[in-house]
Colleague: 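Got a structure here, written out as structure tokens. Questions coming.
Each chain gets a letter, A, B and so on, in the order the sequences are listed, and its residues count up from 1.
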Protein chains: 2
Amino acid sequence: MVGPDAYPSTVVASRSPSVESLAADAWRALLDYFVGNRERHLALAAEYGLTVGSMKTLLSLDPDEPKSMRALAEEWKCDASNVTWLVDRLEERHLVERRTLPADRRVKTVMLTPAGQRVKAGLLERMYEPPESFRALPRADLAALLRVLEKL
Amino acid sequence: MVGPDAYPSTVVASRSPSVESLAADAWRALLDYFVGNRERHLALAAEYGLTVGSMKTLLSLDPDEPKSMRALAEEWKCDASNVTWLVDRLEERHLVERRTLPADRRVKTVMLTPAGQRVKAGLLERMYEPPESFRALPRADLAALLRVLEKL
DNA sequence: TATTGTTATACTCTATAACTATA
DNA sequence: TATAGTTATAGAGTATAACAATA
């Protein structure tokens, strides 16, 4: 599928590797490192008694900018009925609240309750907590990593 | 939840940031960059006419080391009946084959068929293809990134 | 009797279509 | 008539429990 010159093998060590093969190797290393990340998220949700859907919903909402049901459906590229279902689950737990928009009484916005805001803050704090392997890196490595990631 | 000294704010720019805050910032940058990755995988599966489950199954199997149904259930931390269902879907498409183990006629192993091996190879090739933003990085950045990721 | 895998069944999540209430 | 959201319903994917075959 890829021509013979497009991805020169990285085992040719006598010359410095091409940008192409460096990019491929770095990308692969990144992917491999991130394989376990979905499981980390799943475990985190379970810890809070949430499903992946509930967590996604909380993380999408912001106290200062409530979103309509339709906006959420577009953001998640799913059907509106699915949003109804997800918001129902979260409303049962008093983490969000629906409000009818006075300007247009057809649309309903979804607001984080104070409890929802607390749960979201807790989730974010835990998500952004770097793993041990990360914190063990020397300062120079972390600075280099950050500098490159900021370009991406 | 975190003591005042544990995560010094990164806006204190007059002194060099602590290793802790560097680690937190780098981890966060990495997470943010990877948000879109699950969607990339989903689109890739759809392109091959696979579900996420089927893709996961193919990627877990290796031509030279067949795995039992039970081993797969443990690897995926799911119920054995779920493995039966997933393998059924893949067997319908002739991408895997069940074989009874002669040594213990209770256990069945799952083998990739030649077609399954081809699909898996195609998936891996596409997954490991670095995105454009990655290939656009200068050589020095890629080398630095790779060097750090290899430590992780 | 214990273990491997399957079948029967139910629950969660997602989608489509029909409906309601507004506009 | 068109749009926002809900309800009715169906399908995919996951789990639990009962079961058949083998150890």
Colleague: Determine whether a donor-acceptor pair (one donor, one acceptor, N or O, separation below 3.5 Å) exists between the side chain of B:Arg105 and the base of D:dT22.
Modeller: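 Check fails, no donor-acceptor contact within cut-off.
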
Colleague: Can you tell me how far P of D:dT22 sits from CZ of B:Arg70, to the nearest Å?
Modeller: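 In whole Å, D:dT22 P and B:Arg70 CZ are 17 Å from each other.
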
Colleague: Nearest whole angstrom, please: distance from the P of C:dC11 to the CH2 of B:Trp85.
Modeller: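 That distance rounds to 19 Å.
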
Colleague: Starting at atom CE of A:Met69, determine the distance to atom C1' of D:dT3, rounded to an integer number of angstrom.
Modeller: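 Nearest whole value for this atom pair: 15 Å.
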
Colleague: Would you indicate what A:Asp79 reaches in the nucleic acid, counting non-hydrogen atoms under 4.0 angstrom: base, sugar-phosphate, or nothing?
Modeller: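 A:Asp79: base contact, heavy atoms under 4.0 Å.
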
Colleague: Are B:Ser54 and B:Thr51 linked by a side-chain donor-acceptor pair shorter than 3.5 Å?
Modeller: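 There is such a pair (donor and acceptor under 3.5 Å, judged by atom type) between the side chains of B:Ser54 and B:Thr51.
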
Colleague: Does the side chain of A:Arg106 get closer than 4.0 angstrom to OP1 or OP2 of D:dA2 through an N or O atom?
Modeller: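 Checking D:dA2 against A:Arg106, no side-chain N or O comes under 4.0 Å of OP1 or OP2.
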
Colleague: For the pair A:Glu47 and A:Arg126, find out whether any cationic side-chain nitrogen is under 4.0 Å from an anionic carboxylate oxygen.
Modeller: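 Looking at A:Glu47 and A:Arg126, the cut-off is met.
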
Colleague: Assess whether a salt bridge exists between B:Asp62 and B:Lys67, defined as any Lys/Arg side-chain N lying under 4.0 Å from an Asp/Glu carboxylate O.
Modeller: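 Salt bridge between B:Asp62 and B:Lys67, a charged N being under 4.0 Å from a carboxylate O: no.
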
Colleague: Select base, sugar-phosphate, or nothing to describe what A:Arg89 touches, counting heavy atoms under 4.0 Å on all strands.
Modeller: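 Nothing: the residue A:Arg89, judged by heavy atoms under 4.0 Å, touches no strand.
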
Colleague: Does any N or O donor sit under 3.5 Å from an N or O acceptor when you compare the side chain of B:Thr84 with the base of C:dT7?
Modeller: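 Under the 3.5 Å cut-off, the side chain and the base do not form any donor-acceptor pair.
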
Colleague: Is any NZ, NE, NH1 or NH2 atom of the basic residue among A:Arg99 and A:Glu97 found under 4.0 Å from an Asp or Glu carboxylate oxygen of the other?
Modeller: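 A salt bridge links A:Arg99 with A:Glu97.
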
Colleague: Is the base of D:dT14 touched by the side chain of B:Ser81 through a donor-acceptor pair closer than 3.5 angstrom?
Modeller: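 No such pair is found, so the answer is no.
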
Colleague: On DNA chain C, does the nearest nucleotide to A:Ala103 precede the nearest nucleotide to A:Leu86 from the 5' side, or the other way round? Give the residue.
Modeller: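 Upstream on the strand: A:Leu86.
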
Colleague: Just the rounded figure in Å: distance from P of C:dT6 to CG of B:Leu72.
Modeller: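 Going from CG in B:Leu72 over to P in C:dT6 covers 11 Å.
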
Colleague: Nearest whole angstrom, please: distance from the P of D:dA12 to the CG of B:Asp88.
Modeller: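 It works out to 14 Å between those atoms.
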
Colleague: Between A:Arg98 and A:Asp88, is the closest basic N to carboxylate O distance under 4.0 Å?
Modeller: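 A salt bridge is present here (some side-chain N lies under 4.0 Å from a carboxylate O).
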
Colleague: So, is B:Lys108 close to the C:dT6 phosphate, meaning a side-chain N or O under 4.0 Å from OP1 or OP2?
Modeller: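 So the side-chain polar atoms of B:Lys108 do come within 4.0 Å of the phosphate oxygens OP1 or OP2 of C:dT6, strictly under.
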
Colleague: Rounded to whole Å, please give me the gap between CG in B:Leu101 and P in C:dT3.
Modeller: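 Taking atom P of C:dT3 as the reference, CG of B:Leu101 is at 18 Å.
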
Colleague: If each of A:Pro102 and A:Lys77 is mapped to the nucleotide of DNA chain C with the nearest heavy atom, which maps nearer the 5' terminus, i.e. the 5' end?
Modeller: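 In this pair, the answer is A:Lys77.
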
Colleague: Could you state the CZ-P distance from A:Arg98 to C:dT22, rounded to the nearest angstrom?
Modeller: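 After rounding, the gap between these two atoms is 15 Å.
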
Colleague: Tell me the interatomic distance from A:Glu74, atom CD, to D:dT3, atom P, rounded to whole angstroms.
Modeller: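 Rounded to whole Å, this separation is 12 Å.
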
Colleague: I want to check one thing: is the phosphate of C:dC13, taken as OP1 and OP2, less than 4.0 Å away from some side-chain N or O of A:Asn82?
Modeller: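 No, outside the criterion.
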
